[in-house]
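First up is the structure itself, then whatever we jot down about it.
Letters A, B, ... are given to chains in the order of the sequence lines, protein chains preceding strands, and every chain is numbered from 1. Computed from a predicted structure; not experimentally measured.
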Amino acid sequence: MSIEYVVVSEGEQDEPIELPTEEDGSLLLSTISAQFAGASGLKYRAGGRLRGLRLADDRVLPPAEGWAAHHYFCAFPRTDAPTPTPRPRCSDLIVLGLPWKTGEEAVRDYFAAFGELLMVQVKRDTKTGLSKGFGFIKFADYDAQLRALGRRHMIDGRWCDVRIPNSKDGGSAAHRKVFVGRCTESLTADDLREYFGAFGQVTDVFVPKPFRAFSFVTFLDPEVAQSLCGQDHIIKGVSVNISTASPKRERGARSQLLGWGLLEGGAPRVYSWPPDAWQHSAHSAHSAHSTAPPDAKPYLKYE
DNA sequence: GTTGAGCGTT
């Protein structure tokens with residue numbers, strides 16, 4: 001095949017230049033970039049659509065119909081690269097509040113709707129084989145993990161909570177959690193989740209039961225939590241105060257602080273702990289919650 | 001009425 005010239009412009013509307021092909025009929029990428037710095041390939045318009053040309057060993061290959069059939073213009077690497085933030089890895093997630101009767105299969109069936117599952121476990125008493133009322137799951141896709149962490153789950157007639165377990169590394173609750181003071185009884189966990197969800201993904205809301213005038217909100221991103229500390233916010237007409245989630249008085253042993261995820265102790269780090277209290281939420285008062293079987297036992301207690 | 005449930009036999 002003899003050398004021919006290919007009509008190439010930088011953008012579709014720009015003035016074209018003729019570029020020489022190689023003996024094998026290909027167009028060297030270096031020939032293109034000599035004229036159009038940064039170009040990474042060629043494309044052309046076929047009918048209404050854009051078509052890209054094959055690139056092999058830094059050579060752009062002609063379309064089946066030959067070079068002469070089209071005018072070409074350059075493709076460039078994305079510059080507005082959507083922040084090549086490496087996707088965070090999925091962690092094991094703990095599923096709390098499972099009905100006694102619920103086994104791996106039901107848990108898998110339920111969470112498969114969020115994404116591919118790599119692991120499902122329901123923890124059981126080794127002697128009796130009875131479920132302990134919690135289990136662990138792991139997703140393949142971090143987006144699935146985010147979706148699962150962002151809400152509660154109705155499994156076999158019970159509301160269940162999914163959270164990051166306290167026994168694995170990955171981020172201490174200490175910096176992801178805020179204390180919300182001056183709460184009134186009118187502020188439900190749903191209210192708080194909805195309100196604070198506007199600032200960043202909320203992974204946990206804890207509302208003490210019976211009522212106490214505070215709550216805890218845990219975010220996925222520690223920077224969101226930290227940015228809110230020291231502020232007063234008005235939620236449903238209630239002025240609440242946000243501060244760091246550490247007790248005003250050291251009331252306990254280091255082990256307790258460790259337990260709340262407030263100290264970075266030695267070995268296993270603690271986070272997203274304790275769970276939220278959704279028992280008061282509008283959701284659980286109605287709808288699916290009331291479908292819980294009448295013989296449902298209080299969980300975490302054996303008989 | 002401003003500081004919290006519960007966490008993995010391998």
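- For the segment residues 222-234 of chain A, the set of residues with a heavy atom within less than 4.0 Å of an atom of DNA chain B is empty.
- Residue P165(A) has its side chain nearest to dG8(B) when only dT3(B), dG8(B), dA5(B) are considered.
- We find that CG of L98(A) is positioned 13 Å from C1' of dG8(B), with the value rounded to whole Å.
- Comment: R163(A) engages D204(A) in a salt bridge, judged by a side-chain N to carboxylate O separation of less than 4.0 angstrom.
- If you measure from atom CZ of F206(A) to atom C1' of dT2(B), you get 14 Å, rounded to the nearest angstrom.
- Side-chain nitrogen and oxygen atoms of R212(A) include none within less than 4.0 Å of the OP1 or OP2 phosphate oxygen of dT2(B).
- A salt bridge is absent between E22(A) and R59(A): the closest approach of a Lys/Arg side-chain nitrogen to an acidic carboxylate oxygen does not fall below 4.0 angstrom.
- Comparing atom distances between the M119(A) side chain and each of dG8(B), dT3(B), dG1(B) picks out dG8(B) as nearest.
- An aromatic stacking contact between F214(A) and the base of dT2(B) is absent, as defined here by ring centres under 5.5 Å apart and ring planes under 30° from parallel.
- With a 4.5 Å cut-off on side-chain heavy atoms, V8(A) and Q35(A) do not count as touching.
- Ranking dT3(B), dT9(B), dG1(B) by closeness to the F179(A) side chain, first place goes to dT3(B).
- Between the C1' atom of dT10(B) and the CD atom of E104(A) lies a distance of 14 Å, rounded to the nearest Å.
- Rounded to a whole Å, the CD atom of E185(A) is 15 Å from the C1' atom of dT2(B).
- Scored by the side chain to side chain donor-acceptor pair (under 3.5 Å) test, R54(A) finds no partners at all (sequence neighbours excluded).
- dT3(B) atom P lies 16 Å from atom CG of L192(A), rounded to whole Å.
- As rounded to whole Å, 14 Å separates atom C1' of dG4(B) from atom CG of D161(A).
- S215(A) comes within 4.0 angstrom of nothing in the nucleic acid, heavy atoms only.
- N241(A) places its CG atom 12 Å from the P atom of dT3(B), with the value rounded to the nearest Å.
- Taking atom CG of residue L96(A) and atom C1' of nucleotide dG8(B), one finds them 11 Å apart after rounding to whole Å.
- dG8(B) has no stacking from F134(A) on its base ring, since the centres under 5.5 angstrom apart and planes within 30 degrees of parallel are not both found.
- With contacts defined as side-chain heavy-atom distances shorter than 4.5 Å, the pair F214(A)/S243(A) does not qualify.
- The base of dG4(B) is paired with the side chain of K177(A) by a donor and an acceptor separated by under 3.5 Å.
- The aromatic ring of F136(A) stacks onto the base of dG8(B), its centre lying under 5.5 Å from the centre of the six-membered base ring with the two planes under 30° apart.
- With contacts defined as side-chain heavy-atom distances shorter than 4.5 Å, the pair L228(A)/H233(A) qualifies.
- Taking the six-membered ring for Trp and the full ring otherwise, Y44(A) and F73(A) have centroids separated by 6.0 Å or more.
- Each of dG4(B), dT9(B), dT10(B) was ranked by its minimum atom distance to the side chain of Q121(A); first place goes to dT10(B).
- Between F114(A) and Y110(A), the two ring planes are tilted [angle within 30° to 60°].
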